[in-house]
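For clarity, every value in this text was computed on a predicted model and none was experimentally measured. Values below: every heavy atom of this structure, side chains too, minus hydrogens, waters and symmetry copies.
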Amino acid sequence: MELAYLSIVVFLFVLAIVDLVVGVSNDAVNFLSSAVGAKAASLKVILFIAAVGVFMGAAFSNGMMDIARHGIFWPEHFYFSEVMSIFLAVVISDVILLDIFNSLGLPTSTTVSLVFELLGAACVMALIKLASDDTGLTMADLINTEKALTVIIGIFLSVAIAFFFGILVQWLSRLFFTYNYKKNLGKKIGIFGSVAATSIIYFMLIKGLKGASFMTAEIQNWIDANVLYIVGGCFVFFFILMQTLYWLKVNVFKVIVLLGTFSLAMAFAGNDLVNFIGVTLAGYASYTDFIANGNGLSPDQFLMSSLLSSAKTPLYLLIGAGAVMVVTLVTSKKAKRVMETSIGLSRQDGGDEMFGTSSVARNLVRAFSSVAEFIVAIVPDNVKAWINKRFDQRDAVKEEEGVAFDLIRASVNLVLSGLLIALGTSLKLPLSTTYVTFMVAMGSSLADRAWGRESAVYRVTGVISVIGGWFITAGAAFVIASVFVLIMHYGGIVAMVCSVVLTVIVLVRSHLTYQNNAKKGIADERMVIFLNSDNKEEVWDNLKNHTATTLSRSIGFAAETYKSMFESFANENLKGLRRSSIKILEERALLKKMRSVETLGLRRVDRGVGYERNAWYHLSSNSCVQILNTLNRICMPMKDHTDNNFTPLSKKYVEEFSPYCENLYIVFENITQMISSGDFSQAERISQESKALKKEFSNLRKLQTARLQDEESLKTAFVYLNLIQESHELLSEVRNALRGSQKFFAETSTPYYDEDEVSYAG
């Protein structure tokens, strides 16, 4: 029995290391992207500063470990076997949940998932105990309702608080410095830098030291008795330091950004380390207590009162966890790729909107626009004129080539996010670093007047999505952990072993899926391929390669899907039609992302080249969109017809249309090969062949229209007629895609021109 539980503890440690690697790979963007985007220093310097912050945060995070030990439930009423079931259910649920959310492409939070997994597993175990209890225990005796509610409210309020203070601090900072922040800094920079640095010292060191594993009572008492002197001394020291650096021609804002990177990295490690190793350490402490003090009791008889005491995690374990995080930070290709994507798609001079629109967001934008108009109307004209002058971007500092973030906003985002997370850590409240940094960034961009009429609805949708994601994550974590702890309680060691095996399978499957996606080069890698260079000629070359990949992929996808849909319809294969419908939607979403990034690429190339090729790019790109829309119009009637079990397509129709389907497939394949290879020497021949095929489709449409009255099944006849009409449209769109592509990629050659075509390049 002891060997079985020892194996579970070992598994918890293995999973903790996996969680550390995955967590840092995904969350490194929170504390790296602003410094890298603002080019505050070289990447090596930024990584070194972040690594120091991670180390210090890990060393100071000991107090947060109490969340896993007794922050959600009262362990003195739970037996060792029950506690181990709870902890194992939590870590397994975490893996399953992250896999589900990653597969669906939905955002999640390790903090929210940890809290609600603990709550779900503990609540189910408490209900099991209460069902057979005769000692008068209540739910309040088993669940730490007060602390659990405090943690939940703290996580939820942090979203609103981060958004509010992001608006307030950024608005005041911009009012203080304006967009031309390098002009007439004087003593402003000393005050700004001193406030930022002193705040970091106060929250990171003075507040954070309370939970440090090496902190003694004497030192803590001395710090508490001299807080005002320490803060005052720090303010004076940093004021003199920042002002001196300014006089020495040092860019103080870059210093502040690096300090903010350090503070946010430290806050991340201090707050989020419990998400990765807290449950594992609690399980290890439970096992060592059972072995040392079990005195012959079975796991079902030994109560875990020892977990009531504060965690005294050995410093070497905390530093070891910090070392894993630092190594991952430096070596993880995924972390660098996520960071590059974030920088490339959130530049101040334009970026891809991460979210769509929603009716709720549209109504909120209208409502707040009305409120804003009312406030503007009652503000005196001279005050409005002064504020507008401070926010005038026409006199903004011209940043160096490749800079993605304004240094003022980067400073606010980093410092404020770090302070809010550090405050939560000092109160022993686990906060979501992803949500806090995201909401601070949203608030600061709103205050900086980056939310124009063109983008406000997308940003509001993003805020709503974050809050909605919080509820989805919380609910899913609660339910999954509840199910697993129920299975483990009644299934015993056998169920635990099976659950461990399931987790291993999920981890292997996720790894293989990630490797396959990496080999395909889909999405993130293709989205940043040309955003990493400051050389306009190199950007143009990479943009052409990127666009060729996107267009050839879309047209090749259309060829395969068109053929698959016809065969599925002919064979009454409903699953095949449903699968095609889903793939069309996925391809349309991917194409939308690719188009957004390529449009940004066109803005970064030489203006003459971009202006000349812009219309031809949009002709070919829009044609691909229309091709996908046409495929959808073909698929939906077929799917509905088959789903309703109507009369299938007759053998006569199948034999009649099969040659047309094959010929259209060949045209699509030829155009795909031309675009991918860049060889358009056969473009005119392929165009004429497709034009001839269009006439054949026109004749077939006239034939089908004439024989409609003689058909026994009008429903089948109309679906077949729709297939013919939309196939005719497909040929028009793919010819437009070919014409636009040839002109976009050509250096000097003149593309074919067909006066019979209705579509043109504008």
Side-chain angles (χ1 to χ4, degrees), residues 1-24 58 61-62 64-73 75 78-99 110-111 113-118 120-122 125 272-292 299 302 304 306-307 311-314 316-318 320-325 328 430 477 480-481 484-485 487-489 491-508 510:
M1 185 66 71
E2 291 181 3
L3 181 60
Y5 281 108
L6 177 60
S7 301
I8 291 173
V9 171
V10 171
F11 173 74
L12 291 178
F13 271 100
V14 172
L15 197 61
I17 296 175
V18 174
D19 273 351
L20 282 171
V21 174
V22 174
V24 173
S61 67
N62 189 49
M64 292 298 296
M65 299 302 166
D66 290 345
I67 297 297
R69 292 167 65 93
H70 55 256
I72 302 299
F73 62 94
F78 289 88
Y79 295 111
F80 173 67
S81 61
E82 295 170 338
V83 166
M84 292 302 291
S85 294
I86 290 174
F87 291 151
L88 186 58
V90 168
V91 294
I92 290 177
S93 301
D94 205 46
V95 172
I96 301 294
L97 184 67
L98 289 175
D99 181 66
T110 55
T111 304
S113 59
L114 170 74
V115 170
F116 279 89
E117 283 157 2
L118 280 169
M125 188 61 72
D272 281 19
L273 191 61
V274 65
N275 301 340
F276 309 132
I277 69 172
V279 173
T280 296
L281 293 179
Y284 174 68
S286 301
Y287 175 77
T288 55
D289 182 45
F290 172 69
I291 295 299
F302 184 72
M304 295 307 306
S306 61
L307 292 181
K312 296 297 180 183
T313 308
Y316 68 86
L317 285 178
L318 295 176
V324 173
M325 298 172 79
T328 303
I480 295 174
F484 270 104
V485 81
I487 294 172
M488 291 178 191
H489 176 75
I493 293 295
V494 175
M496 290 183 178
V497 172
C498 292
S499 299
V500 169
V501 173
L502 174 63
T503 307
V504 173
I505 293 173
V506 169
L507 286 173
V508 173
S510 296

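For the atom pair CD1 of I86 and CG of L118, the computed distance is 8.0 Å after rounding to the nearest 0.5 Å. If you take OG on S81 and CE on M496, they are separated by 7.0 Å, rounding to the nearest 0.5 Å. Going from atom CE of M488 over to atom SG of C498 covers 10.0 Å, rounded to the nearest 0.5 Å. With values rounded to the nearest 0.5 angstrom, L281 atom CG is found 7.5 Å from L318 atom CG.
The shortest distance between side-chain heavy atoms of F484 and L88 does not fall below 4.5 Å. Put simply, the side chain of P75 does not reach to within 4.5 Å of the side chain of R69, judged on heavy atoms. Here the side chains of L114 and V279 are in contact, with some heavy-atom distance below 4.5 Å. E117 is listed as a side-chain neighbour of L97, based on a closest heavy-atom distance under 4.5 Å.
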Intermediate values then yes/no, side-chain contact (heavy atoms from CB on, under 4.5 Å), I8 and Y287: CA-CA 10 Å; I8 291 173; Y287 175 77; over 6 Å; no
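Pairing each heavy atom of A481 with each of S93, the nearest pair is CA-OG, 3.0 Å. Contact record, F116 with A477: CB-CB, 3.9 Å, taken as the closest heavy-atom pair. Closest of all the heavy-atom pairs between A68 and F73 is O-CE2, 4.1 Å. Here the closest heavy-atom approach between residue A16 and residue I277 is recorded as CB-CG2, 4.0 Å.
Here F11 pairs with nothing under the ring-ring contact (aromatic ring centres under 6.0 Å, His included) rule; sequence neighbours left out. In this view, S286 and F80, V83, M84, F87, M304, L307 satisfy the side-chain contact (heavy atoms from CB on, under 4.5 Å) rule, not counting sequence neighbours.
The main-chain N or O of L12 is found under 3.5 Å from a side-chain atom of T280 such that the two form a donor-acceptor pair.
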